[in-house]
Amino acid sequence: MRALKKPREAARELLAWVGGVAVSGAACLAGLLASVLALSAASVPLVADGSLRGTGRICPPVLQIRVVTAPEGVELFDRAGREFARDVADESGCSPIRISTDAMPPLKDFYAGFAREWAVPHAPGYLELMGPRPDAWIAATSASVRLAEERVANVASKVVLDDLGAFATSGLVIAVPPQAMTAFPDGETRVSAEVAKAAQLLRPRADLSESALAGSLALYQEDATAADVATERRLTLPEPAGRDAASLLCRLGARLEIETRPVLVPEYLFAAFSRGERFGGCAGQQGGQAAVPYGLEGAPRLEYSVISVKWPDHSADRSAWVARYKDWLEQEWAPGNGFRDTEGKGAFPGLSLADTNADVAPAGRATYAAMLDRLLMAHPQTGAVVAVDTSLTMDNALLDGVSPLRRAQQFGTALLGRLHGDTDAVRLRLFSQGAVRAPPTPQTADTPEAAALSLRNLPLSRGDVPLDRVAREAAGAAGTWRNKVVVILTDGTRLPAGKIDLPDLRVEIVLVGADDCALPALAPLLEGGRTGCVWVNEDPVMAADRFLDELWRA
């Protein structure tokens with residue numbers, strides 16, 4: 001009836017309705033296609049080498065399990081996680097889980113996390129330094145586990161640590177290159193700490209590696225006065241290769257014929273190294289004379305355990321898969337990857353390792369915690385003002401697609417993560433628009449974690465500030481702190497600079513852009529011995545390690 005009375009209006013409404021149906025249908029089809037593609041990308045069948053299986057089948061969603069462990073074991077356990085996921089896959093190659101393995105943060109932050117960020121809701125800053133919470137932790141010592149459990153027990157925590165027990169053990173061995181053999185006795189399998197240190201032994205950074213911290217108990221012989229700056233400098237390689245045992249072995253493998261310093265590493269890594277297997281960021285030993293293993297007297301046995309980290313929203317399925325992964329490591333994986341059984345027994349044909357782990361007790365929690373505290377105090381107290389360039393040029397993408405501002409944030413966060421929250425003081429400052437000012441997110445305290453929280457959100461604006469003025473005003477923010485240093489993060493673009501005359505502190509220019517420290521504009525600023533310059537043209541975390549090590553040794 002309406003069409004008869006008003007034919008033109010009815011025709012227009014009919015056409016509009018037909019068009020709407022067509023558009024809606026196209027949108028639904030596009031949405032369905034996008035969903036299928038996303039699901040296909042998220043979960044696909046795998047073959048033995050981890051590549052895609054060409055069955056055309058779409059796998060159901062997988063359960064993601066995040067594992068953390070010491071830096072030296074990340075690549076090895078990451079491979080173990082991929083192998084386990086393939087082992088539990090169905091006939092079409094679809095696995096119900098995916099396991100990722102990441103490096104633990106520095107030990108001081110990792111243990112503190114259980115008593116702070118991971119235990120108290122909304123505690124500021126720790127997630128910036130530590131990363132997302134883990135579902136499981138592969139620990140290297142029983143003492144480390146007990147220490148974490150103690151931190152959880154001391155607070156009203158919402159996290160529960162379920163120790164699933166050790167799946168394997170490993171000794172600590174000294175890998176001696178041929179050029180260093182003259183310092184070690186023939187016919188012996190073990191040497192004292194005195195012999196090892198006299199041979200200029202290297203061990204990983206003890207604030208990053210559980211195994212290195214355990215080894216320190218033997219090297220320092222639990223002497224409270226021995227953990228000093230001089231000893232730590234001798235034991236720690238002054239380059240990023242010394243941050244973990246895998247990196248040390250990689251360096252040894254590359255320099256085997258000329259290397260003169262032995263290295264302290266877990267036995268399972270030395271076994272992989274000697275067999276020419278991949279164990280870290282490099283291949284194993286390639287040709288040449290083999291390094292010789294010695295045991296270190298007094299070094300505790302490493303006990304590798306899986307800890308299920310349970311959160312309020314932790315599902316029973318997640319806990320069950322972590323437990324199943326631990327059993328698989330113990331029964332299927334560890335025996336073939338250089339580990340001993342939970343009783344400390346094992347045989348490694350051709351490697352002469354049979355006696356290196358005999359009758360060695362694990363480290364005790366109290367001595368382990370006390371050694372970590374002593375080692376942290378061996379690093380001099382630092383008062384740092386971190387000044388970040390927030391001018392618009394900091395947002396220009398570099399060749400790798402990362403902006404200087406993002407690189408500054410990565411470097412700054414890594415730098416703050418290496419400082420010690422209980423002893424070091426940090427303040428953050430921004431400079432642009434002709435002014436040096438506090439960040440828009442104010443710091444709640446002069447701590448590394450509070451500065452890391454403020455470093456997360458940095459607004460950009462037009463205008464530059466002369467770097468000598470930045471240094472002077474940032475120095476004023478340090479007040480009466482001890483061992484003061486001003487760290488200026490900038491791309492160096494269009495920033496005028498005059499000579500800096502601040503005799504009571506160090507100034508370090510950190511360039512995060514495309515230009516290096518040879519910039520002509522920086523020449524007046526770098527005159528004298530109290531101002532340094534670093535160009536971050538590598539991994540920002542490694543660059544931060546190198547930067548702090550140079551400050552420590554200055």
Test Thr447 against Val426 for side chain to side chain contact (heavy atoms under 4.5 Å, CB included), laying out the working first. CA-CA 5 Å; Thr447 61; Val426 183; over 6 Å; no

Just to verify, which of Asp135, Val159, Val67, Val322 counts as forming a side-chain contact (heavy atoms from CB on, under 4.5 Å) with Val309? Val159

Does either side chain, that of Thr69 or that of Tyr304, offer a donor lying less than 3.5 Å from an acceptor on the other one? no

Rounded to the nearest 0.5 Å, what separation is found between the SG atom of Cys517 and the CG atom of Leu526? 7.0 Å

Do Asn537 and Arg407 pair up side chain to side chain, a donor and an acceptor below 3.5 Å, judged on atom types alone? no

Intermediate values then yes/no, side chain to side chain contact (heavy atoms under 4.5 Å, CB included), Val388 and Leu428: CA-CA 8 Å; Val388 183; Leu428 185 65; 3.9 Å; yes

Which residues satisfy the ring-ring contact (aromatic ring centres under 6.0 Å, His included) test with Tyr368, sequence neighbours excluded? none

Checking the side chain of Arg365 only, and the main-chain atoms of Arg146 only, is there a donor and an acceptor separated by less than 3.5 Å? no

Do the charged groups of Glu330 and Lys326 touch, with an N to O distance under 4.0 Å? yes

Could you go through Glu508 and Ile488, starting from their C-alpha distance and side-chain angles, then the distance that decides it, and tell me whether this counts as side chain to side chain contact (heavy atoms under 4.5 Å, CB included)? CA-CA 6 Å; Glu508 295 290 337; Ile488 301 177; over 6 Å; no

Ring pair (Phe, Tyr, Trp, His ring centres under 6.0 Å) partner of Tyr268, chosen from Phe167, Phe273, Phe339, Trp333: Phe339

Is it the case that more than 12 heavy atoms not belonging to Arg482 sit under 6.0 Å from its CZ atom? no

Is a salt bridge present between Lys108 and Asp207, judged by a nitrogen-to-oxygen distance below 4.0 Å? no

Quick one: does any side-chain atom of Lys197 pair with a main-chain N or O of Thr231 as donor and acceptor, under 3.5 Å? no

Does Arg203 come within less than 4.0 Å of Glu232, counting only side-chain N to carboxylate O? yes

With a 4.5 Å heavy-atom cut-off, do Ile174 and Pro293 have their side chains touching? no

In short, Ala199 meets Ala183 closest at the heavy-atom pair CB-CB, 3.8 Å

Carboxylate-amine/guanidinium proximity below 4.0 Å for Glu83 and Arg79: yes

Value rounded to 0.5 Å, distance of CG in Leu201 from CG in Leu296: 7.5 Å

Checking side chain to side chain contact (heavy atoms under 4.5 Å, CB included) for the pair Leu202/Thr236: CA distance, chi angles, key distance, verdict? CA-CA 6 Å; Leu202 292 171; Thr236 308; over 6 Å; no

Counting distance only, does the side-chain N/O of Trp535 pair as donor-acceptor with the main-chain N or O of Gly513 below 3.5 Å? yes

Value for CZ (Phe77) from OG1 (Thr101), rounded to nearest 0.5 Å, stands at 8.5 Å

Check ion pair Arg301-Glu303 (N to O, under 4.0 angstrom): yes

Shortest non-hydrogen separation from Thr342 to Ala166 and the atoms involved: CG2-O, 3.4 Å

Run Arg243 and Glu72 through salt bridge (Lys or Arg N to Asp or Glu O under 4.0 Å) and show every step you take. CA-CA 9 Å; Arg243 69 193 309 267; Glu72 59 227 24; over 6 Å; no

Gln179 versus Glu259, closest heavy-atom pair with distance: CB-O, 3.1 Å

Is any NZ, NE, NH1 or NH2 atom of the basic residue among Glu267 and Arg340 found under 4.0 Å from an Asp or Glu carboxylate oxygen of the other? yes

To the nearest 0.5 Å, what is the distance between OH (Tyr111) and CG (Leu372)? 7.0 Å

For a 4.5 angstrom cut-off between non-hydrogen side-chain atoms, does Leu511 reach Thr490? yes

Do Glu210 and Ser144 have side-chain atoms, one donor and one acceptor, less than 3.5 Å apart? yes

Determine whether Tyr294 and Val173 make a side-chain contact, defined as any pair of heavy atoms from C-beta on separated by less than 4.5 Å. no

Inspect the surroundings of CD in Glu343 and state if more than 12 heavy atoms from other residues, nucleotides or ligands are less than 6.0 Å away. no

Heavy atoms, side chains only, cut-off 4.5 Å: are Arg66 and Val68 in contact? yes

Would you compute the distance between atom CG of Asp78 and atom CD1 of Ile99 and round it to the nearest 0.5 angstrom? 9.5 Å

Is the shortest side-chain heavy-atom distance between Asp515 and Leu522 below 4.5 Å? no

Should Leu302 and Thr169 count as side-chain neighbours, where that means a heavy-atom distance under 4.5 Å? no

